[in-house]
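Here is the structure we will look at, set down as structure tokens.
We name chains A, B, ... by the order of the sequence lines, and we start the count at 1 in each one. Every value quoted in this text rests on a predicted model; they were computed, and no experiment measured them. Hydrogens, waters and symmetry mates are skipped; everything else that's a heavy atom, side chains included, is used.
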Amino acid sequence: MCGRTSLFASAEVVRERFDADPVRPLEPRYNVSPGQEHPVVRNDAPDEIRFPTWGLVPRWSDGSGGSGHINARAETLAEKPSFREAFAERRCLVLADGFYDWKQTPTGKQPYRIEREDREPFAFAGLWEPGTEGAEDPNTGNRNGATFTVVTTEPNAVVERVHHRMPVMLSPGEEQRWLEGGDSDLLDPYPAAEMRAYPVSSAVNDPGNDSPAVIEEVPAEEDVQTGLGDFG
DNA sequence: CCAGACGTTGTT
DNA sequence: GTCTGG
DNA sequence: CCAGACGTTGTT
DNA sequence: GTCTGG
């Protein structure tokens, strides 16, 4: 992780939960992929919800090197040239109410949805970069908007069954501290007791399938094939 | 000194 | 296989 | 993260 | 911009 997420909680719930106002209407999203714009709260404007593009492009990059960094390892944030400055100065909360991971099985990849046990929205620890000044480069077509990345860490007991990394989820009490520059003690795996994971349809594989159907639980394909899913 | 990389996950 | 687009 | 393209000359 | 490799 983390390469796919969601945020379909109502605008009202999100506004109350994070005490911030979206700068444009908040639409429900069930399947958000890298390269898309997604709501975040930035440390430089903590009372606003903005929509940078998922995939951090360092300020010194001309953007020609591909589509940006969708994840950043918590273990090396402070050292890596691509993240060091953002870690020191540009924190953000990436708003979500779940994410998806693909478990490698003998028969293929089974997608799982992972969320809080109470299904409430939460925040990933994130870093952001400002866009380049001025208009989009007419020659390269490179985008010029702000970008962000999601910090990853080791998995907890729930996520471990699916994948060997997980995004850093902040508890409500940690959010302000992260924005204000708190350090790596905030970047531990989230408590497994407050999370759950369940298999979902491979419809989620296609980023174009952005509907409530992709959050519905289905029998895991490997369980179907071994008969484990047959009797409830 | 300049040139070239700068990242993750996953895979081998 | 690898890169780009979503 | 996964899905889908990945090429040219020339033609409509 | 800053670090590493040559």
Item to check | N-O pairing of A:E120 and A:R116 below 4.0 Å | outcome: no
Item to check | Length of the CG-P vector between A:N205 and C:dG6, whole Å | outcome: 18 Å
Item to check | Listed partners of A:P189 passing side-chain contact (heavy atoms from CB on, under 4.5 Å), at least two apart | outcome: A:T153, A:E154, A:N156, A:M166
Checklist entry - C:dT4 C1' sits how many Å from A:Q36 CD, rounded? => result 14 Å
Next on the checklist: Give me the atom names and distance for the closest heavy-atom approach of A:L95 to A:A123.
Outcome noted: CD2-CB, 4.5 Å
Next on the checklist: Measuring only the C1' atom in each nucleotide, how far is B:dT8 from C:dC3? A whole number of Å is fine.
Outcome noted: 16 Å
Item to check | d(CZ, A:F99; C1', D:dC2) in whole Å | outcome: 17 Å
Checklist entry - In whole Å, what is the span from the CZ atom of A:R165 to the C1' atom of B:dT11? => result 16 Å
Next on the checklist: From NZ of A:K103 over to P of B:dT11, roughly how many Å is that when rounded to an integer?
Outcome noted: 14 Å
Next on the checklist: Tell me whether the rings of A:F122 and A:F124 are parallel (<30°), tilted (30 to 60°) or perpendicular (>60°).
Outcome noted: perpendicular
Indicate every side-chain donor-acceptor pair of residues 78-93 of chain A with a distance under 3.5 Å to a residue at least two apart or in another chain.
unit_1 : atom_1 : unit_2 : atom_2 : d
A:E85  : OE2    : A:R59  : NE     : 3.4
A:E85  : OE2    : A:R90  : NH1    : 3.2
A:E85  : OE2    : A:R90  : NH2    : 3.2
A:R90  : NE     : A:W128 : O      : 3.2
A:R90  : NH2    : A:E129 : OE1    : 3.4
A:R90  : NH2    : A:E129 : OE2    : 2.7
A:R91  : NE     : A:F87  : O      : 2.5
A:R91  : NH1    : A:W178 : O      : 2.9
A:R91  : NH1    : A:G182 : O      : 2.8
A:R91  : NH2    : A:F87  : O      : 3.0
A:R91  : NH2    : A:G181 : O      : 3.4
A:R91  : NH2    : A:G182 : O      : 3.3

Checklist entry - Can you tell me if the side-chain N/O atoms of A:T152 get under 4.0 Å from OP1 or OP2 in B:dT9? => result yes
Checklist entry - In whole angstroms, how far is the P atom of E:dT4 from the CH2 atom of A:W60? => result 14 Å
Checklist outcome for this item: Residues of residues 72-83 of chain A with a heavy atom under 4.0 Å from any atom of DNA chain E, listed by number, are A:P81
Next on the checklist: Base, sugar-phosphate or nothing for A:I70? Non-hydrogen atoms, less than 4.0 Å.
Outcome noted: base
Checklist entry - Is A:R177 salt-bridged to A:D185, going by a charged N under 4.0 Å from an acidic O? => result yes
Item to check | Nearest-angstrom distance from the residue atom CG of A:L56 to P of B:dG7 | outcome: 11 Å
Next on the checklist: At 4.0 Å (heavy atoms only), tell me whether A:Q104 reaches a base, stays on the sugar-phosphate, or touches nothing.
Outcome noted: sugar-phosphate
Checklist entry - D:dG7 and C:dT2: how far apart are their C1' atoms, nearest whole angstrom? => result 16 Å
Checklist entry - Just how far, in rounded Å, is P of D:dA3 from CH2 of A:W102? => result 8 Å
Checklist outcome for this item: Residue pairs passing the salt bridge (Lys or Arg N to Asp or Glu O under 4.0 Å) test with at least one member in residues 202-216 of chain A, sequence neighbours excluded, are A:R29-A:D210
Checklist entry - Which one of A:T147, A:I70, A:V94 satisfies the side-chain contact (heavy atoms from CB on, under 4.5 Å) criterion with A:W54? => result A:I70
Next on the checklist: Stem list for DNA chain C, please, built from Watson-Crick and G-U wobble pairs under 3.5 Å and keeping only runs of at least 3.
Outcome noted: C:1-6 with D:1-6
Checklist entry - Just checking A:R84: base, sugar-phosphate only, or nothing, at a heavy-atom cut-off of under 4.0 Å? => result sugar-phosphate
Checklist outcome for this item: The remaining residues in the hydrophobic cluster of A:W60, counting side-chain heavy-atom contacts under 4.5 Å among Ile, Leu, Val, Met, Phe, Trp and Tyr, are none
